[in-house]
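Everything on this sheet refers to the single structure shown next.
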Number of protein chains: 2
Amino acid sequence: MNAGMTEPGEAVRDPESVSKFVESFAAQLVEAGMQRMPARVFAALLSSDSGALTSAELGEQLQVSPAAVSGAVRYLAQQHMVSREREPGSRRERYRVHSNQWYEAVTNRDAVLRRWEHTLREGVDSLGARTPAGRRLAETLAFFEFLEAELAAMMERWRVHREELFGEL
Amino acid sequence: MNAGMTEPGEAVRDPESVSKFVESFAAQLVEAGMQRMPARVFAALLSSDSGALTSAELGEQLQVSPAAVSGAVRYLAQQHMVSREREPGSRRERYRVHSNQWYEAVTNRDAVLRRWEHTLREGVDSLGARTPAGRRLAETLAFFEFLEAELAAMMERWRVHREELFGEL
DNA sequence: CCTTAACTTCACAAGTTTGTGAAAGTACCG
DNA sequence: CGGTACTTTCACAAACTTGTGAAGTTAAGG
């Protein structure tokens with residue numbers, strides 16, 4: 001650890017090791033199903049001090065075209081993982097990650113869960129609720145319903161725990 | 001609902017509506033990041049009455065080659081979402097889904113979570129724990145650590161709840 | 001209003017993924 | 001041990017994805 005050999009306490013931002021982190025983190029997001037470019041953009045935002053970068057900054061840091069940044073940001077905004085803000089007095093836009101908002105977005109996937117449940121319900125219907133397969137699906141459905149409730153409660157607990165650790169928003 | 005127009009209670013397995021379910025469910029697994037073929041194979045297994053199918057049965061139902069089935073099953077077995085069993089007295093293999101085992105496999109992703117945490121810890125190190133970015137990562141890390149503990153506890157509660165709903169294993 | 005900085009859209013080329021047929025490998029069974 | 005019934009591996013073609021440059025659009029500022 002502390003491979004940069006800097007004295008602890010110093011806030012020297014070594015671009016190379018930052019980039020290394022960005023790429024590792026992005027790789028894990030990709031592994032978890034996110035597309036490559038949104039993952040890289042998101043990781044870059046997450047590890048910026050201001051929490052917000054312009055399109056040009058992102059393009060330079062990641063060595064990609066404005067078009068790529070544009071597409072990635074559109075996706076991230078749709079997923080509520082970043083928000084866009086216009087810099088006043090400039091035609092430049094900045095993309096911001098609200099540190100906690102992003103994992104809230106990932107866990108608050110009510111709509112997604114609801115669709116899974118809907119599909120499963122249809123499955124139980126077409127297989128017949130009393131067939132072995134129907135029962136198997138019904139159990140899966142019950143699990144998802146349970147999950148949905150638990151996730152909400154868990155995020156509530158997290159907010160409390162978070163405040164203990166880091167204080168007010 | 002009950003689009004098949006069969007009297008309730010009847011266990012008529014309409015191959016077409018089953019296939020429709022298989023494809024919808026598979027599509028959702030794909031959306032969640034699983035590869036296409038493993039998703040289809042898994043959905044087919046999940047909606048089979050026996051909970052187990054041979055390679056030939058899967059190939060026929062899904063209209064794919066034995067090679068495709070082989071690859072898909074290898075992946076699913078690695079993820080512990082199906083298990084393989086040799087039929088005694090035959091050289092045929094069957095692939096089985098243990099109704100509850102599969103979502104246990106999906107939620108028991110300790111190793112995966114651990115790797116995220118490791119990456120985040122490195123990130124905090126290279127950004128500096130007292131920088132804004134470092135603090136942001138530290139919060140994300142704390143969230144993952146919290147998640148890890150919560151997930152385990154949640155699955156414990158689910159097992160109890162499940163037993164209430166469906167009885168013993 | 002015109003200029004211009006910045007973002008977005010689009011057609012396409014490069015790269016990657018996916019499923020196939022054919023050949024090779026395994027292991028039951030006589 | 002040889003035959004055969006499966007399964008797996010492999011090289012490749014088709015289909016899809018991804019990022020680019022260039023043209024198009026928007027709106028800030030003169």
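Remember, predicted model here, so these are calculated numbers, not experimental data. Just so we're on the same page: letters track the sequence lines, and every chain starts at 1.
Counting heavy atoms from C-beta outward, M154(A) and L151(A) have side chains that approach closer than 4.5 Å.
Of the inter-residue distances, the one linking M37(B) atom CE with S70(B) atom OG reads 12.0 Å to the nearest 0.5 angstrom.
Distance, M37(A) CE to dG15(C) P: 15 Å, rounded to whole Å. The nearest whole Å value for the distance from the CD atom in Q63(A) to the C1' atom in dG19(D) is 14 Å. Note: CD (E60(B)) to P (dT7(D)) measures 14 Å, nearest angstrom. For R92(B) and dT4(D), the CZ to C1' distance is 13 Å, given to the nearest whole Å. Rounded to a whole Å, the CG atom of L58(B) is 14 Å from the C1' atom of dC6(D). If you take CZ of R94(A) and P of dC7(C), they are 11 Å apart, rounded to a whole angstrom.
Taken together through direct or relayed side-chain contacts under 4.5 Å among Ile, Leu, Val, Met, Phe, Trp and Tyr, Y103(A) and L29(A) form part of one hydrophobic cluster.
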Under the side chain to side chain contact (heavy atoms under 4.5 Å, CB included) criterion, do Y95(A) and V41(A) qualify, and how do the steps go? CA-CA 10 Å; Y95(A) 308 112; V41(A) 166; over 6 Å; no
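Side chains of R40(A) and Q61(A): a donor-acceptor N/O pair is absent below 3.5 angstrom, by distance only.
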Expected rows: protein N/O vs nucleotides 8-13 of chain D N/O, under 3.5 Å:
residue: dT8(D); atom: OP1; partner: R84(B); partner atom: NH2; Å: 2.4
residue: dT8(D); atom: OP2; partner: S70(B); partner atom: OG; Å: 3.2

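Under a 4.5 Å side-chain heavy-atom criterion applied to ILVMFWY residues, the cluster that includes L165(A) comprises F166(A) as well.
Looking at R96(B), R92(B), R94(B) one by one, the single match for salt bridge (charged side-chain N to carboxylate O under 4.0 Å, His left out) with E85(B) turns out to be R96(B).
OP1 or OP2 of dT18(C) has not a single side-chain nitrogen or oxygen of R36(B) nearer than 4.0 Å.
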Reading nucleotides 23-30 of chain D from the 5' end, what letters show protein touch, with B for base, S for backbone sugar-phosphate only, - for no heavy atom under 4.0 Å? -----BS-
